[in-house]
> 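Here you go, one structure.
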Amino acid sequence: MLDLLDNKALDGPASQIEEAVARPGSLTIVQGPPGAGRSRMASVLAQRDPGRYVVVEAPDCSEPDAALHLALQAAARGRGSASQLLAAHASTDMRGLGAGVAATIDQHDKVLVLRLPSTWSRPPGHDERDVFGRHATALLRGLCDHATLRLVVLTTHCTEHLRRVLRGEVRRVVALPSPQIRGDALDDLSGWNEYQDAARCVRDLLRDAGPRPTAFMLGVAIAIQALRPRSPLRAADLSGDLDRLLRRLQQTLAQSEHAGLRDALRRIATARFPVHVDRAVAIGGLPPEHTPLVTRCVGYETADGRLRMTETIRAALRLDATASTTDEVAPTHHALGQYFESLDGVADPRRATGGTIVPWLEATHHFAWAGGADEEIWRTRVQAADRPELFWDRARALSIVARDWAKAAAVYRECAERFPGDHYSRHYFAWNLDRAGGDLREIETGYRGAVQLDPDNAWYNSRLVTFLIGVGRYDAAEQEWGHALDRLDPERTRGNDESLVEGVHLWVIRAWLDAGEVERARQVFDAIHEDAVRRIERLDELAWRLADAQEAVVLGTAVYPSGVHPSARWRRPSVVQTRVEGADLTAWYPLRIVDVDDDAISIEFATPEADPDAREVYGRELTRAQWREMSGGIDPDPQRKFWYLARYGERTRVFPNEPGPAPWQRRREALDPLRYLREWAPRR
Amino acid sequence: MIEALPIQALRVLDRSAIHLFVAGPGVGEGIAVALPDRGWVMVDCCKVSGTTSVPLVDIYDQLRSGNDDRVELAVLTHPHDDHTGGFPTLLERTNPGRIGVVGRPPHESLHLEAQARHSTRPEDAAEEQRQGRFVQALNAIRAWEAGERSIDPFVEGTTMSLGDTTISCCAPTHTGVASFFDDIDDARLLARLRRRANELSIVIEIRHGSTSIVLGGDLPTTSSDAQRRSIPTGWNHVMVGHPHLGAHHALKIPHHGSAHAHHSELMKRASHRRRWICTPFNGMPAFGDTGVGALLENEAAVHMTARPTAWPIVLDTRRVASYGSRPPEARPASDPFVAVASPKRPRPHDAPTAHVWAFEFDAQGSPGRMWAGDGAFTLVP
């Protein structure tokens, strides 16, 4: 793919960077869209002044080891060593680690070049991974704490968040131009091998295309063409954006005949860092004739023969870790672990050098995700490193992929014992033990410990409250809810704050509803500011569920299934005809079948007055014959509970009320509601 | 007839007597027994609909005589949601010394019950709440056990002595429980648990001196599939082994007054004074269709904790209603389909103790004073 590009376009920006880093304390941002040449820029700089630039590349910052990765790479490559760094900062926070790295690099008069994935530019979110984002932020701040460090940041876009984090005055912003392909990019098709025909087709389309596509778009288009999509590729597709083409590629790969290729690409995309092409093809199980698919279409071969994918393309091809199983991912991680292990040459990261630190970190990461077989290898490696992030990585694999909550809890427990200030491990020890239906006192201790260490963490506060609700300790839950608000919103002014409402209120309300405690759910809901209720989309569903639940409490039964939105209730539905067999509709009622036995069916129905207080609920029994007459011959079925009963003078008809499940009923239950009772399960 | 005092007047218990409290707010029931001197026994639990109020907890909080006047035992007669409402709050606030549950062993039975409930995903909010509250009651028991305690199996023959008071379990029998659970595949067992858990309901006799209080749970007269397979359960079996239960001084009428739970020996006429208490449902059928009228043939009064929505009774100033002189039904219903149906909507929220009866007995079984909440009343022939 590199041969498609005009590499001379980087010369100007490289000179600007060189000029900018001449001054101590300089901060230079280099930004450009995917494929603009950030990686090539790093190489260009290294070639221009060998030894001056310490180039490090971070994993996605949603990965537990992202910040540590960056720090250790910088330390090992900056003529310090990972050993010194780990020894000096074993117990300090990530900011301290960053400051240590910066001092080492600056001491040797080097320039630190950070190649950051786009996730590093976003503010930490509200989910469980925000702790990794916070670590990334802390590391960057630590680097900036060293006033004389020369820093170059390569990123897709320097967001306000990233500017704030870097704090220092940004001396220069260098914009990389949109990556243009050469005019003669596809004149020579010899390198495309089996993909030559597809490349030729795309070359023909290019003549009619509007703006010239980027090299990555061209590669993805050729991939789509080579895989014979259901609908043919058109010139207009080349004028759109990469995301649209990637969706086309995903759809094409989803065709049943490409299942093998799709899986191979997923396996190859599992690697976070470049892998030698032959090894990547072998690990992926990619048929050799499809090698151009990875070396020219969705990735490219680097100068040293490795396969690199952009983060955007990799994300599009990778299997969603949360939706996969250990059996699916473990063999790939094992193979990648062995591959990187063969490159690192050291079992102990303290002895890793600039050339071996990435392989060491990657081998450790992949062994962490490789299931039970590589546990001992992983364990040996992390003993030497002694950093919590490496434990988190392993525990997340056990939790997210293997769903082995008990084992994940054991790893978090070990980590929390080793690092007493590690609130993340305490919290997720409790969270995983909770899912495992483990010792309730230990779970509570874990949740409380995390809150104590990080009292402002909305997530931790919310989980403690929902746990107490889940085990039926309502007084304790309400007390802790009060404490949580005291910690997170002492002035009670954040009822309109999306992060607080989505991170805390929403979960607490759901927990109360799951427990059947509707009144308590209402109390928490009412604490949310009405603007937030209008604004936050996820609250719509919750408001629906709450209204549904309250209606059932007031009526003492439910005459509508939850799937009927509250706004569609108590008004004549279209299914109820206004005239039947010459008679006008005189009354209608929503109805439920309570019970059906051999002789009779028991029903409940309600009068549909507009005023909720005026609605009356009635119960009566009907014979099967009566029901059949009303339903036009349908037998009463306890599985078909909800109907509308309509009166047409003396005639009665029933019509089904089957809207399908409500949104919350459509979701797979995230938690086994009987998990705390597992110990009671019969052993027979 | 002794007139009931308002429950608000009950500020302090005379602990030389034994006191029985029966709460039945229109859905479910809960019973508290304050033993002479000190100690309480709780049997099942209920909540006031639309609130977080748990009547038994309010009673206990108001009337306990000090920190050492604790709940010695909480019993779950059978794990139906109308007997488990508020159970988490009961356990959390009173921290009972022991919990008694039926089963063989009880943990397994409860787990099976929970599985039976969760074998289908609820389609509507009412069922979702029933499922949720039921599992929460069991989770609360697990939380209680986390204090390194374990629930006690309650089957016929289980007895506990609390001071001078003896708590005896009269049903179900070992054989009854075994017949219910054994020799059946899992799917059919879960279906049986869903429909017939009442047949495993615990029956308790609390005896102090010669005073006998019988708490009948929801036990029916006989097993519902007696014709197909004989499961030795129901009052027909209980009264063979424990005929003396017919000589009680107080009876919590089984299964909310349902005719399916009447037994002629248990509910026979007696020459001594006694108290019968019924915890009816809001949705109980119209007046004449229930078994409550039949009860009045053998007992001068039945103390009802609540008025079913469909009952057109008129209370006198003593909060007494006459069954025989009920007014004609006069419900406005323009639709004939509705006119023959029974109203069921729960009444608006009441005070926590509105649907509570309280009774005092001496050691010889003589009933003394009694107290009633605003929503409770006495039904006479």
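Per chain, numbering begins at 1; letters A, B, ... match sequence-line order.
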> Considering only heavy atoms and a distance below 4.5 Å, find which of Thr120(B), Thr52(B), Val27(B) pairs most often with chain A.
Thr52(B)

> Please give me the minimum heavy-atom distance between Pro88(B) and Gly472(A), naming the atom from each residue.
CB-O, 3.3 Å

> Would Phe337(B) and Phe605(A) count as a close aromatic pair, with their ring centres under 6.0 Å?
yes

> Relative to chain B, which of Val554(A), Leu513(A), Thr607(A), Asp439(A) shows the most heavy atom pairs under 4.5 Å?
Val554(A)

> Between the side chain of Arg441(A) and the main-chain N/O of Ala146(B), is any donor-acceptor distance below 3.5 Å?
yes

> In terms of heavy-atom pairs under 4.5 Å, which option from Glu616(A), Arg473(A), Arg647(A) contacts chain B the most?
Arg647(A)

> Name the region of Glu658(A), side chain, backbone, both or neither, that has any atom closer than 4.5 Å to a heavy atom of chain B.
neither

> So which part of Val518(A) gets closer than 4.5 Å to some heavy atom of chain B, the side chain, the backbone, both or neither?
side chain

> Give, as side chain, backbone, both or neither, the part of Ala515(A) having an atom under 4.5 angstrom from any heavy atom of chain B.
both

> Would Arg545(A) and Glu128(B) pass as an ion pair if we require N to O under 4.0 Å?
yes

> Testing the basics here: between Ala552(A) and Ala126(B), what is the closest heavy-atom pair and its distance to 0.1 Å?
CB-N, 3.8 Å

> Are side-chain heavy atoms of Val340(B) and Arg620(A) found at a separation under 4.5 Å?
yes

> Flag the pair Tyr474(A) / Gln136(B) as yes when at least one side-chain heavy-atom distance between them is below 4.5 Å, and no otherwise.
yes

> Identify which part of Trp664(A) has an atom lying under 4.5 Å from any heavy atom of chain B, answering side chain, backbone, both or neither.
both

> Kindly assign one of parallel, tilted or perpendicular to the pair His107(B) and Trp680(A), based on the angle between their ring planes and the thresholds 30° and 60°.
tilted

> Select one option (side chain, backbone, both, neither) describing which atoms of Gln129(B) are under 4.5 Å from chain A's heavy atoms.
both

> Among Pro673(A), Ala662(A), Gly563(A), Ala606(A), which has the most heavy-atom pairs under 4.5 Å with chain B?
Pro673(A)

> Checking heavy atoms, do the side chain of Ala476(A), its backbone, both or neither come under 4.5 Å from chain B?
both

> Is it true that, when you exclude Arg653(A) itself, more than 12 heavy atoms of the residues, nucleotides or ligands shown sit nearer than 6.0 Å to its CZ?
yes

> Which bit of Tyr560(A) is near chain B, if near means a heavy-atom gap under 4.5 Å: side chain, backbone, both or neither?
backbone

> Salt bridge check: are Arg592(A) and Glu123(B) linked by an N-O gap of less than 4.0 Å?
no

> Given heavy-atom pairs under 4.5 angstrom as the criterion, report whether the side chain, backbone, both or neither of Glu444(A) touches chain B.
neither

> For the interface with chain A, which of Ala143(B), Ala140(B), Gly50(B), Ala114(B) has the highest count of heavy-atom pairs at distances below 4.5 Å?
Gly50(B)

> Salt bridge check, Arg195(B) against Asp595(A): does any charged N sit closer than 4.0 Å to a carboxylate O?
yes

> List the atom of Ser49(B), the atom of Val553(A), and the distance in Å for their closest heavy-atom pair.
OG-O, 3.7 Å

> Does NE2 belonging to His118(B) count more than 12 external heavy atoms closer than 6.0 Å?
yes

> Out of Gln131(B), Arg93(B), Arg130(B), which one racks up the most heavy-atom pairs below 4.5 Å with chain A?
Arg93(B)

> Specify the closest pair of heavy atoms between Pro346(B) and Leu555(A), including all atoms of both residues, with the distance to one decimal.
CD-O, 3.2 Å

> Quick one: are Asp124(B) and Phe642(A) in side-chain contact, heavy atoms under 4.5 Å?
yes

> Shorter than 4.5 Å, heavy atoms on both sides: which option in Asp475(A), Asp514(A), Ile603(A), Leu645(A) has the most such pairs with chain B?
Asp475(A)

> Hey, is CD on Glu145(B) packed in by over 12 heavy atoms from elsewhere, all under 6.0 Å?
yes

> Check this for me, if you would: do Arg142(B) and Glu679(A) make a salt bridge, where the nitrogen-to-carboxylate-oxygen distance has to be below 4.0 angstrom?
yes

> With chain B, which of Lys641(A), Gln550(A), Arg615(A) has the greatest number of heavy-atom pairs at distances under 4.5 Å?
Arg615(A)

> Using non-hydrogen atoms and a 4.5 Å limit, figure out which bit of Thr51(B) sits close to chain A: side chain, backbone, both or neither.
backbone

> Under a 4.5 Å cut-off applied to non-hydrogen side-chain atoms, are Leu677(A) and Asn139(B) in contact?
yes

> Which atoms of Leu622(A) are under 4.5 Å from chain B, going by heavy atoms: the side chain, the backbone, both sets, or neither?
side chain

> Using side-chain heavy atoms (C-beta onward) and a distance below 4.5 Å, is Leu674(A) in contact with Val135(B)?
yes

> Chain B heavy atoms under 4.5 Å from Pro661(A): which part of the residue, side chain, backbone, both or neither?
neither

> Donor-acceptor check, side chain of Gln665(A) to backbone of Pro122(B), threshold 3.5 angstrom: yes or no?
yes

> Going through the checks in order, is the salt bridge (charged side-chain N to carboxylate O under 4.0 Å, His left out) test met by Lys47(B) and Glu519(A)?
CA-CA 12 Å; Lys47(B) 268 181 70 178; Glu519(A) 301 75 25; 3.7 Å; yes

> Side chain, backbone, both or neither: which part of Val559(A) has a non-hydrogen atom closer than 4.5 Å to chain B?
neither

